[in-house]
Undergrad: 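The structure is given below, and queries will be raised subsequently.
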Amino acid sequence: MPPAETNWQAAADAIAAAQAVLVVSHSSPDGDAIGSLLGMAGALCGLGKKVIPAVDEGVPDELAFLPNSQAILPRLAHGEFDLMIALDASDIERIGQVGKYGLAHSRRVINLDHHPTNTRFGDIQLVVPEAAAAAEVVFDLLQYAGWQLSRDVAFALLAGLVTDTQGFRIPATSSRSLEIAQALMKAGAPLSEIMARTLNRRSFAEVTLWQKALQSVQLRDGLICAAITQNDLKLANLRKMTDGGLVNYLVDVDAAKVAVVFKELPTAVEISFRARPGYDVGRLALALGGGGHVLAAGCTVAGSLQQAQKQVLPLARKIIDEGDSA
Ligand code: 5GP
Ligand code: MN
């Protein structure tokens, strides 16, 4: 259910009453995390607020083309805020160190998100699971409050919408998503440039990573999985763990129902899940301490790659066995 009218009003009132506002999104930020954060921050700047945008690890290189992305702080050690706005983050863990600092140093917290697994932390919730991206919820708040939509804000929000919907391809894409995209384009957001700089690009290092990781791919009775090791990462000359979109590629295999990519960290394993309609990996990720959407979710589990595979693959198998009853 969309949030009650009172929540939109409470959020608009809290913003109107605030001077210093901290804006954060989830660690290991993706296009929607950065797009919704920059959109919100830009709108607040337009209202004359003192805005501090921050996200653990800062802006990934591939999103640095977004206007004003250089203003985002990668860490936070001082400052007191009237308000913190958390975007695209379903729980307190996800907002990382900057969020932890923000929770302790902000008088109020708005939780703006679109994950059905959101824990409803914070004082005011704008959690809209029907929204295809957190950027859609930011757009709705701007519209509700009657705030101006500048080109830079529209640019950032369209980047969030394009990346989270994989170019308007995933089932969560609604006619409303397209209406919002149209409004953002009318405000000056360059759709084809955003597509070209996010979805239609990859580094050669990512190709090298896939070359290694594809050797680990296995498909059995609808469950497709792959692993990326620290050694693969090193051979590809990459500093930070990523799957370069591999999990999205694997779930499109004809016979696949659920795709799982294991990403080995020094003492833990990050896991990305994708499902075809009819199967729910959000539930599985939540049970493993993570979260996400029905068709796209993730978590991090402690231990070795082998331990993670042994723990998680039978659970993914269960999702397939139980699923598709809808
Ligand atoms: P990805 O596989 O692209 O990293 O993540 C897919 C979806 O799952 C995204 O919506 C992302 O926010 C969510 N997600 C991934 N990892 C975690 C996690 O550790 N915790 C939570 N709460 N959500 C996650
Ligand atoms: Mn999102």
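Ligands are counted one by one from 1 in listed order, and the atoms in each one are counted from 1 as well. Start at 1 with the first residue, then count along the sequence.
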Undergrad: Going by heavy-atom distance to atom 24 (C) of ligand 1, choose the closest among Gly291, Gly290, Gly292.
TA: Gly291
Undergrad: So which protein heavy atom does atom 22 (N) of ligand 1 come closest to, and at what separation?
TA: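 The closest heavy atom on the protein side is Ser90 OG, 2.9 Å.
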Undergrad: Picking from Leu295, Leu284, Ile319, what satisfies side chain to side chain contact (heavy atoms under 4.5 Å, CB included) with Phe273?
TA: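 The residue from Leu295, Leu284, Ile319 that satisfies side chain to side chain contact (heavy atoms under 4.5 Å, CB included) with Phe273 turns out to be Leu284.
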Undergrad: Identify, by name, the N, O or S atom of Asp32 lying closest to the Mn ion (ligand 2).
TA: OD2
Undergrad: Looking at Asp88, which of its N, O or S atoms is the nearest one to the Mn ion (ligand 2)?
TA: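 So the atom name we want here is OD1.
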Undergrad: Can you tell me if Asp30 has an N, O or S atom under 2.8 Å away from the Mn ion (ligand 2)?
TA: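 Checking the Mn ion (ligand 2) against Asp30, no N, O or S atom falls under 2.8 Å.
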Undergrad: Does Gln125 reach the main-chain N or O of Asn111 with its side chain, forming a donor-acceptor pair under 3.5 Å?
TA: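 Such a contact is absent between Gln125 side chain and Asn111 backbone.
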Undergrad: Run the numbers for me: atoms of ligand 1, each under 4.0 Å from some heavy atom of Ser272, listed by number.
TA: 1 (P), 2 (O), 4 (O)
Undergrad: Is ligand 1 under 4.0 Å from a heavy atom in the side chain of His115, in the backbone, in both, or in neither?
TA: side chain
Undergrad: Within His115, is some N, O or S atom less than 2.8 Å away from the Mn ion (ligand 2)?
TA: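 It does not; every qualifying atom lies at 2.8 Å or beyond.
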Undergrad: Within 2.8 Å of the Mn ion (ligand 2), is there any N, O or S atom belonging to Asp164?
TA: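 It does: Asp164 brings an N, O or S atom closer than 2.8 Å to the Mn ion (ligand 2).
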Undergrad: List the closest protein heavy-atom neighbour of atom 3 (O) of ligand 1: residue, atom name, distance to the nearest 0.1 Å.
TA: Arg274 NH2, 2.9 Å
Undergrad: May I ask you to list the atoms of ligand 1 that are less than 4.0 angstrom from any heavy atom of Asp91?
TA: 22 (N)
Undergrad: Quick check for you: to the nearest 0.5 Å, what is the distance between Ile72 atom CD1 and Asp56 atom CG?
TA: 12.0 Å
Undergrad: Output, in order, the C-alpha distance, side-chain angles, deciding distance and verdict of side chain to side chain contact (heavy atoms under 4.5 Å, CB included) for Tyr279 and Glu322.
TA: CA-CA 8 Å; Tyr279 301 92; Glu322 289 171 357; over 6 Å; no
Undergrad: Do the side chain of Arg120 and the main chain of Asn118 share a donor and acceptor less than 3.5 angstrom apart?
TA: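 Yes.
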Undergrad: Which residue supplies the protein heavy atom nearest to atom 18 (C) of ligand 1, what is that atom called, and how far is it?
TA: Gly298 O, 3.5 Å
Undergrad: If you look at every heavy atom in Pro3 and Trp8, which pair is closest and at what distance?
TA: O-NE1, 3.5 Å
Undergrad: For ligand 1, note which part of Cys299 has a heavy atom under 4.0 Å away: side chain, backbone, both or neither.
TA: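 The backbone, only.
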Undergrad: Parallel, tilted or perpendicular: which fits the ring planes of Tyr101 and Phe81, with parallel below 30° and perpendicular above 60°?
TA: perpendicular
Undergrad: What's the separation between atom CE in Met185 and atom CG in Leu158, rounded to the nearest 0.5 Å?
TA: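 If we round to the nearest 0.5 Å, Met185:CE and Leu158:CG are 7.0 Å apart.
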Undergrad: Could you check which of His114, Arg94, Lys263, His293 puts a non-hydrogen atom nearest to atom 11 (C) of ligand 1?
TA: Arg94
Undergrad: Provide, to 0.1 Å, the distance between atom 7 (C) of ligand 1 and the closest protein heavy atom, together with that atom's residue and name.
TA: Ala296 O, 3.5 Å
Undergrad: Any sub-3.5 Å donor-acceptor pair from Asn7's side-chain atoms to Leu126's backbone N or O?
TA: no
Undergrad: When the aromatic ring centroids of His105 and His78 are compared, is their separation below 6.0 Å?
TA: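 Centroid distance His105-His78: not below 6.0 Å, so no.
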